[in-house]
2 protein chains.
Amino acid sequence: MQENKRNGRATGRLTLKDVAARAEVSPITASRALRGVGRVAPELVARVKEAAAELNYIPDPAARALASSHSSVVTVLVPTLSNPAFGDVLEAIHAVLLPEGFQILIGDTHYSREQEEHLLRNYLSHRPGGLIVTGFDRNEEARRLIASSGVPCVHVLELANSPGVYCVGSNQAEAGRTMANYLISKGRRRIAFVAVIDPRAMLRAEGYRRAMKDAGLYDPALELLSAVPASIKLGADLFREIVARHPDIDAIFFSNDDLAHGALFAALNMGIKVPEQISIAGYNNLEEAAFTVPPLTTIHTSRAEIGRRAAQMLLALMRGKRVDEPVVDVGYELIVRESA
Amino acid sequence: MQENKRNGRATGRLTLKDVAARAEVSPITASRALRGVGRVAPELVARVKEAAAELNYIPDPAARALASSHSSVVTVLVPTLSNPAFGDVLEAIHAVLLPEGFQILIGDTHYSREQEEHLLRNYLSHRPGGLIVTGFDRNEEARRLIASSGVPCVHVLELANSPGVYCVGSNQAEAGRTMANYLISKGRRRIAFVAVIDPRAMLRAEGYRRAMKDAGLYDPALELLSAVPASIKLGADLFREIVARHPDIDAIFFSNDDLAHGALFAALNMGIKVPEQISIAGYNNLEEAAFTVPPLTTIHTSRAEIGRRAAQMLLALMRGKRVDEPVVDVGYELIVRESA
DNA sequence: GGATGCAAAGATAGCGCTACCTCAAAAGGC
DNA sequence: GCCTTTTGAGGTAGCGCTATCTTTGCATCC
């Protein structure tokens, strides 16, 4: 038996060569047939696919990536994983990309630009097939890394209009303005804005300011921003703080539902009537928003649709197809409930 | 210029060869120096590392995976991404593994055994360095895939005691029993169990049944199980259903906080006093549990600790270290609030 | 009918890295 | 002092796949 390679490192893996042998074609033809590229006779394609199915062949992604410098991995960067809002987007992305043969590598930036840059540096070296990042708030170096990597990239949750930028999201500033205007239209005058400092909250703040200024109601003292990560508890704390500081406020627009939820709870415990004394509004329309006491007025955007559309756009980009609509605005909806 | 390779496919990538050249050693020595394996003179190691740092060299994971049949990817399978409970676990796993040079590939099984088997089949072909899966409820084929892959695997959230099985979690059946016993101790007699059908909920159900039988209070009619995914709204619906069906119940143990939250909301709207008429309890201690009306009695387990310990255990396994404690029980805590 | 074109299949040569083996030099043994 | 043994470095040969070039086969044209 001189078959034994002197330098064997056989992995026992089922390879393309096995499939090719079974289909009685060359490995290259088998490769082309399975990938659906180049010109291969339909009859051969069928034979190869059959052989692959019979052998239960699964291509080796590492070998594929090495040979083609393209991998079947899509990297998704989100600011946090414990917020269900991002979970929903991720879930939709996963649902679209998985059946297309892509895997999802997640990166959690913890709302940190440094962390995001670090993740990009590392993950782009994996030559992912595609990249999905959250919003546009990142440092120059991170931008450069994305651009120079040549990896197709889609931005989610926010919108921007510059050439070569692909994004799926909603106009958060506009939505913030809509909410503030709604509160104004309900006769509220001393409307506070309470937020955690994150990029999307800051866009909502812009909309709030515009609406307040347009109505001649803007008072910078009514803005309360926190650098601590959002939580229900934080919302309760911030509610107590803003009420103590400005007893005259008649409405509070929170940058997200978690905070608003905490505020509703605190109001209930303090005997402050919502919405009679103070109207409260949130943002995101998490499921719990419909089940707070009282139910929360908020802004709804379909996170599942954002994820789905972003994944579809990325798929098109990765396949070199033309994307006619590089900016997809999924819109938003003001959900009026009892809290405001 | 006959340097031009006839068959060049140069990627322009910075390779190990460049680092080796700069450090004036052979590529193999450079490889060993960077990986810290084999015997390399300390002086050379320093020179190679310096060269790598100067060139800003990042190894190609695909080439590495192909050559060594080990990748720096850890696959994590969870039942859903939109539930913050799993997000918390994922976040902790990510926090531990990222600094160690591992990336996280997520798979969402949607609570489906078939989907999980499918994911395993595909993802294991990536030769991940490690695998983290949720619980033990999977089909034979999935089990076989994990075992035969040779990939180190840690199970999270549930506990099991069989040789060669690594897990980090808590005893959910025991916790379920604790909750039921608490309700019994408070004088409740007609205690319903309302759940969605998922593996962990079924373990909690076991504990509930044991407690009820031990107290001579078990009545199978008081169990209401739903095949629909859990949501707050579902909890409200199930509450109305169980109350209509069994007007005599004096407590409900829900398999998770979402359902209990919906029930509290429905009770409020129906004018049913909690806990006076019906006590309500949940499971998970999501943040919102402390802010429902009334606040929810529930079971707490540290999801962050589960993720952290699981990642640390996997790290040890991947590095071939001995793991002295293959079963880590992080415990649970009964959180008593006003709802029960 | 021979030149021309254009498919469709195959041969070749890596992608960037590491497992395995070899070899020179240094260290140890009697 | 000669023969082992150890040590540190390098050489070689792939890992499994695909980009690129080459060859083959067969319609098509003047």
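A, B, ... follow the sequence lines: proteins, then strands. Residue 1 opens every chain. All values below come from the heavy atoms of this structure, side chains included, with hydrogens, waters and symmetry mates left out.
- Ring centroids of B/His155 and B/Phe136 are separated by less than 6.0 Å, placing the two rings close together.
- Atoms CG (B/Leu14) and P (C/dG16) sit 10 Å apart, rounded to a whole Å.
- Spacing between atom CG of A/Asp18 and atom P of D/dG16 amounts to 9 Å, rounded to whole angstrom units.
- Taken residue by residue, residues 22-32 of chain B places heavy atoms nearer than 4.0 Å to DNA chain C at B/Ile28, B/Ser31, B/Arg32.
- In this structure, A/Thr15 reaches the sugar-phosphate backbone alone: every heavy-atom distance under 4.0 Å involves primed, P, OP1 or OP2 atoms, never a base.
- The separation between A/Leu44 atom CG and C/dA7 atom C1' is 13 Å, rounded to whole Å.
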Handout entry: salt bridge (Lys or Arg N to Asp or Glu O under 4.0 Å) between B/Glu43 and B/Arg47, intermediate numbers included
Key = CA-CA 6 Å; B/Glu43 177 208 329; B/Arg47 222 162 71 202; 3.5 Å; yes

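- Whole-Å rounding puts the B/Leu16 CG to C/dA19 C1' distance at 14 Å.
- Atom P of nucleotide D/dT18 and atom CZ of A/Arg127 are separated by 14 Å, given to the nearest angstrom.
- Heavy atoms only, all atoms of each residue included: B/Gly129 and B/Pro152 are closest at O-CD, 3.3 Å.
- Proximity of A/Arg39 to the phosphate of C/dA7: no side-chain N or O atom is located under 4.0 Å from OP1 or OP2.
- By the 6.0 Å contact criterion, NE2 on A/His70 is open, its count of non-hydrogen atoms from other residues, nucleotides or ligands being 12 or less.
- When rounded to the nearest whole Å, the span between NZ of A/Lys17 and C1' of D/dC17 equals 11 Å.
- Of the candidates D/dG16, D/dA9, C/dG16, the closest approach to any side-chain atom of B/Asp60 belongs to C/dG16.
- Between the CZ atom of B/Arg64 and the C1' atom of C/dT18 there is a distance of 9 Å, rounded to whole Å.
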Handout entry: Check against side chain to side chain donor-acceptor pair (under 3.5 Å), B/Thr109 and B/Ser112
Key = CA-CA 6 Å; B/Thr109 68; B/Ser112 149; over 6 Å; no

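- Rounded to the nearest 0.5 angstrom, A/Glu117 CD and A/Arg121 CZ are separated by 4.5 Å.
- Taking only side-chain atoms of B/Val40, from C-beta outward, the nucleotide of D/dA9, D/dG14, D/dT18 with the closest atom is D/dA9.
- Side-chain nitrogen and oxygen atoms of B/Arg35 include at least one within less than 4.0 Å of the OP1 or OP2 phosphate oxygen of C/dT18.
- Between B/Leu131 and B/Val154, the closest side-chain pair of non-hydrogen atoms is not below 4.5 Å.
- A straight line from NE2 of A/His70 to P of C/dG16 spans 13 Å, rounded to a whole angstrom.
- For the pair A/Tyr57 and D/dG16, the criterion of a side-chain N or O lying under 4.0 Å from OP1 or OP2 is not met.
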